[in-house]
Amino acid sequence: GAGVSQTPSNKVTEKGKYVELRCDPISGHTALYWYRQSLGQGPEFLIYFQGTGAADDSGLPNDRFFAVRPEGSVSTLKIQRTERGDSAVYLCASSSQGANVLTFGAGSRLTVL
Amino acid sequence: GNSVTQMEGPVTLSEEAFLTINCTYTATGYPSLFWYVQYPGEGLQLLLKATKADDKGSNKGFEATYRKETTSFHLEKGSVQVSDSAVYFCALIGTDSSYKLIFGSGTRLLVRP
């Protein structure tokens, strides 16, 4: 596609529920990134994929968070047993191999009640 | 570890005023430095970048110079427009990673007609 697409744009859920956030990167971009942006803060790195594999998941806050990219294109960020502290905007970005310029999506705003 | 500090906002200016948003960083070696901009309702966009000392990045009338001696990358524009109203993020990629962006907390700019 022309840009990085993220769905849903807004998600409201209850504490303890399971949530999936989807990212469709720019066609041909081999690198994909997830970041989390809390209110009034800059984005924080969560995970980086090169192709299908997670090359760096050091930013995932705990084992409730998991991300997959099974075919090297679309990625899903999965959050189990959501907590109110998970409320944030989750940003996805992609880049071509070896490039350090990322193209970001508009984000998925998650609110946990 | 690597970090970025930028001036707190909001910064409120009249149209055609001169803009400076301060950014300083902590990192070993020579990181790559970036300014990203987030317009209301849109994803983060790369505004400009610089990859080595004394480089000047520029785009859309904005400029920033990589100053190794002061570990700074201040953003400037000679004459702001209402359409420049947005949140501006300073960021770096350290020498220990080719992909992990470290962001500052962002500075909101409001330009009044």
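Chain letters run A, B, ... following the sequence lines, proteins first, then strands; residues in each count from 1. No experiment lies behind these values; they were computed from the predicted model shown.
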Evaluate the ring pair (Phe, Tyr, Trp, His ring centres under 6.0 Å) criterion for residues A:F45 and B:F103: first the C-alpha distance (whole Å), next the side-chain angles of each, then the deciding distance (0.1 Å), finally the verdict.
CA-CA 9 Å; A:F45 171 81; B:F103 286 90; over 10 Å; no
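Note: the hydrophobic cluster containing B:W35 does not contain A:Y35 (ILVMFWY, side chain heavy atoms under 4.5 Å, direct or indirect links). Note on B:L109 and B:Y39: same hydrophobic cluster, where clusters join Ile, Leu, Val, Met, Phe, Trp and Tyr whose side-chain heavy atoms are under 4.5 Å apart, directly or indirectly. Note: the hydrophobic cluster containing A:L77 does not contain A:V89 (ILVMFWY, side chain heavy atoms under 4.5 Å, direct or indirect links). Note on A:Y90: it does not cluster hydrophobically with A:Y48, by side-chain heavy-atom contacts below 4.5 Å among ILVMFWY residues. Under a hydrophobic-cluster definition in which Ile, Leu, Val, Met, Phe, Trp and Tyr are linked whenever side-chain heavy atoms come within less than 4.5 Å, directly or via other members, A:W34 and A:V112 are assigned to the same cluster.
Heavy atoms from other residues, nucleotides or ligands lying under 6.0 Å from CZ of B:R112 number 12 at most. With a 6.0 Å radius and a threshold of 12 heavy atoms from other residues, nucleotides or ligands, A:F66 has its CZ atom at or below the threshold. With a 6.0 Å radius and a threshold of 12 heavy atoms from other residues, nucleotides or ligands, A:L113 has its CG atom above the threshold. The environment of NZ in B:K68 is crowded: more than 12 heavy-atom neighbours from other residues, nucleotides or ligands sit within 6.0 Å. The environment of B:Y30 atom OH is sparse: at most 12 non-hydrogen atoms of other residues, nucleotides or ligands sit within 6.0 angstrom. Within 6.0 Å of atom CD in B:E69, more than 12 heavy atoms from other residues, nucleotides or ligands are found, so the atom counts as buried in its surroundings.
Proximity to chain A is absent for every atom of B:Q45, based on heavy atoms less than 4.5 angstrom apart. Only the side chain of A:S58 comes within contact range of chain B, with at least one heavy atom under 4.5 Å from a heavy atom of that chain.
Using a distance-only test at 3.5 Å, with no hydrogens or angles considered, no donor-acceptor pair links the side chain of B:Y99 to the main chain of A:Y33.
Residues of residues 1-25 of chain B placed with any heavy atom under 4.5 Å of a heavy atom in chain A are absent; none qualify.
For the atom pair A:E44 CD and B:K100 NZ, the distance stands at 11.5 Å (nearest 0.5 Å). Taking CZ of A:F104 as the reference point, atom CG of B:L101 lies at 5.5 Å (rounded to 0.5 Å). For the atom pair CG of B:L46 and CG of A:N100, the computed distance is 9.0 Å after rounding to the nearest 0.5 Å. Going from atom CG of B:L44 over to atom CG of A:L91 covers 6.0 Å, rounded to the nearest 0.5 Å.
When all heavy atoms are compared, the tightest approach of A:G42 to B:F89 is CA-CE2, 3.6 Å.
With respect to chain A, the highest number of heavy-atom pairs below 4.5 Å among B:R108, B:K49, B:E42 belongs to B:K49.
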